Amino acid sequence: MKIDRIHVHRALLPVVGGAYRMSHTTVEALDSTLVEIVTDDGRSGWGETCPLGPVYQPHHALGARAAIEQIAPGLVGTAIDSPRALARRMDGLLAGHGYAKAALDTAVLDLLGQQLGVPVSTLLGGALVDNVPSYWSVTVGDPDASAASAAARVAQGYRRVQLKVGGRDLDHDVENVRAVWAAVRGRARLAVDANRAMTGAHALQFDRLCADVPFTFEQPCDTVEEMEALRGRLVHPVFLDETTLDPGVVLRAIADGVADGFSFKVTRLGGPTQAAIVRDLCALRSVPHTIDDAWGGDVIAATCAHVASTVDPRLLEGTWIASDWIDGHLDPEHPVEVRDGHIAVPQGPGLGVRPDRTRLEEVATYG
Ligand code: 0XW
Ligand code: MG
């Protein structure tokens, strides 16, 4: 099986409700990039990468497409033998840019799965479950609205709620945490995510002001160094998200004891093949983590579900997908969505999803 050509498609994904609000950025529509690798034996393999705007982390949609433009011509005509061979080839064409390479890694896994007649989860080591838990993310808002949103989703079956904080006075966020905890206590676990917005001093104060509320404290500060300075000084367990820019950072964070857990984004790690490496590193030290992506349609959602199904359920904090924030599905025939707080893992072969081309805009072809 050889790569005959690579199509790059774009999908504009407006946010249902108008806006998704976090501490430092609000997004209203996301620009998703889908790659379709077509083989000489007529198969199509799909991958997707969808940065959450240009400032959530050092990724952006135009950057993803520029990186793919740099890599794709060098892949056309080559054999699809393994994800590792692909990674080597891609690294020989462009350093870094794992979030763009992630889409190509996914597409190759989709193709290999189709060729072998197995789901992508099997290629990643094997699914342990066929249904993975999701979690509900409550955006920055007021106590009544935040508590109502959390309670409604817990009633639907979510067992974990993530509350966004930061970017405003501490008292307001403390009030929000208390309101949400009162609404879900005993029925769901709580994570509180500042998305890098707090100074170390604010994080310490916030942590003390909410010392009696059990939650995991996600990415309070901007840098690994600031997070290191908080080590041993916070009451709440700390999860790293945006700062885990590659598997090497995860290895260091585990070894140094900086993180009690992680909020992983599959594309940020470089794709499912790399995500499987950090999954195994976490398993060695019993470190809990999510398997998410920042945003994206059914291809990303399916990718996350496949990876998550291979994680020890004891360590899997949940899989967040954007389906509730997107109107409709890129694959209306095999929509990946949350039901009763859980996501059914597509059965494959390959990813088990196939976007409807009429919902996409083709932006480039290589080969
Ligand atoms: C809740 N998420 C997974 C959705 C958005 O990508 C932000 C994110 C996070 O945890 O930062
Ligand atoms: Mg986060």
Side-chain angles (χ1 to χ4, degrees), residues 13 15-17 19-32 48-61 64 99 102 132-141 146 149-150 153 158 160-167 173 180 188-198 203 215-224 227 236-245 249-250 253 259-269 275 288-297 300-301 303-305 307-308 316-326 336 338 341 343:
L13 306 173
V15 176
V16 167
Y20 183 84
R21 214 172 295 283
M22 293 173 289
S23 55
H24 56 76
T25 181
T26 296
V27 292
E28 291 170 3
L30 286 313
D31 181 349
S32 192
E48 183 177 7
T49 187
C50 183
L52 185 53
V55 297
Y56 171 68
Q57 54 193 0
H59 303 166
H60 65 128
Y99 73 106
V132 294
S134 185
Y135 64 93
W136 181 248
S137 174
V138 178
T139 59
V140 172
S146 299
S149 166
R153 297 298 174 157
Y158 284 88
R160 183 181 196 255
V161 171
Q162 181 208 58
L163 175 65
K164 299 291 190 191
V165 295
D173 280 328
V180 169
R189 309 188 306 288
L190 184 61
V192 172
D193 187 1
N195 287 110
R196 304 190 280 121
M198 292 185 179
F215 59 77
T216 53
F217 196 5
E218 185 169 327
Q219 198 68 53
C221 305
D222 188 26
T223 63
V224 175
M227 298 300 307
H236 296 94
V238 169
F239 272 42
L240 295 186
D241 184 347
E242 289 93 317
T243 47
T244 54
L245 284 170
V249 179
V250 177
D260 300 295
F262 298 96
S263 222
F264 286 137
K265 305 290 174 276
V266 173
T267 54
R268 184 174 63 223
L269 292 167
H289 59 88
T290 69
I291 292 288
D292 319 318
D293 222 302
W295 210 270
I300 285 274
T303 307
C304 291
V307 176
L316 182 65
E317 283 285 313
T319 289
W320 182 91
I321 58 173
S323 67
D324 276 309
W325 300 90
I326 296 172
V336 183
V338 183
I343 305 162

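Reckoned from all heavy atoms, side chains included, excluding hydrogens, waters and symmetry mates. Both ligands and their constituent atoms are indexed starting at 1 by order of listing. Model, not experiment: these values are computed from the prediction.
- Contacts of Glu218 with ligand 1, taken as heavy-atom pairs under 4.0 Å, involve the side chain alone.
- Short contacts between ligand 1 and Tyr56, defined as distances under 4.0 Å to a heavy atom of the residue, involve ligand atoms 7 (C), 8 (C), 9 (C), 11 (O).
- Within the listing of ligand 1, atoms 9 (C), 10 (O), 11 (O) sit less than 4.0 angstrom from a heavy atom of Asp193.
- Ring-centre distance between Trp295 and Tyr20: below the 6.0 Å cut-off.
- Applying the salt bridge (charged side-chain N to carboxylate O under 4.0 Å, His left out) test to Asp31 and every residue at least two apart in sequence or in another chain returns Arg10, Arg65.
- For the side chain to side chain contact (heavy atoms under 4.5 Å, CB included) criterion with Leu52, the lone passing option out of Val27, Thr25, Asp293 is Val27.
- For Asp193, the salt bridge (charged side-chain N to carboxylate O under 4.0 Å, His left out) partners are Lys164, not counting sequence neighbours.
- The residue from Tyr135, Trp325, Trp295 that puts a heavy atom closest to atom 3 (C) of ligand 1 is Tyr135.
- In terms of polar-atom proximity, Asp241 is counted as a contact of ligand 1, with an N or O under 3.5 Å from an N or O of the ligand.
- Ligand-side atoms of ligand 1 in range of Ser137: 1 (C), range being under 4.0 angstrom from any heavy atom.
- Excluding water, every protein N/O/S atom under 2.8 Å from the Mg ion (ligand 2) is given here by residue and atom: Asp193 OD2, Glu218 OE2, Asp241 OD2.
- For Glu317, the salt bridge (charged side-chain N to carboxylate O under 4.0 Å, His left out) criterion is met by Arg160, Arg189, not counting sequence neighbours.
- Taking every non-hydrogen atom of Leu52 and a distance limit under 4.0 Å, the qualifying atoms of ligand 1 come out as 5 (C), 6 (O), 7 (C).
- Taking each of Gln162, Lys164, Met22 in turn, the one with a heavy atom nearest to atom 8 (C) of ligand 1 proves to be Lys164.
- For the 3.5 Å distance criterion, the side chains of Ser32 and Glu48 qualify, holding a donor opposite an acceptor.
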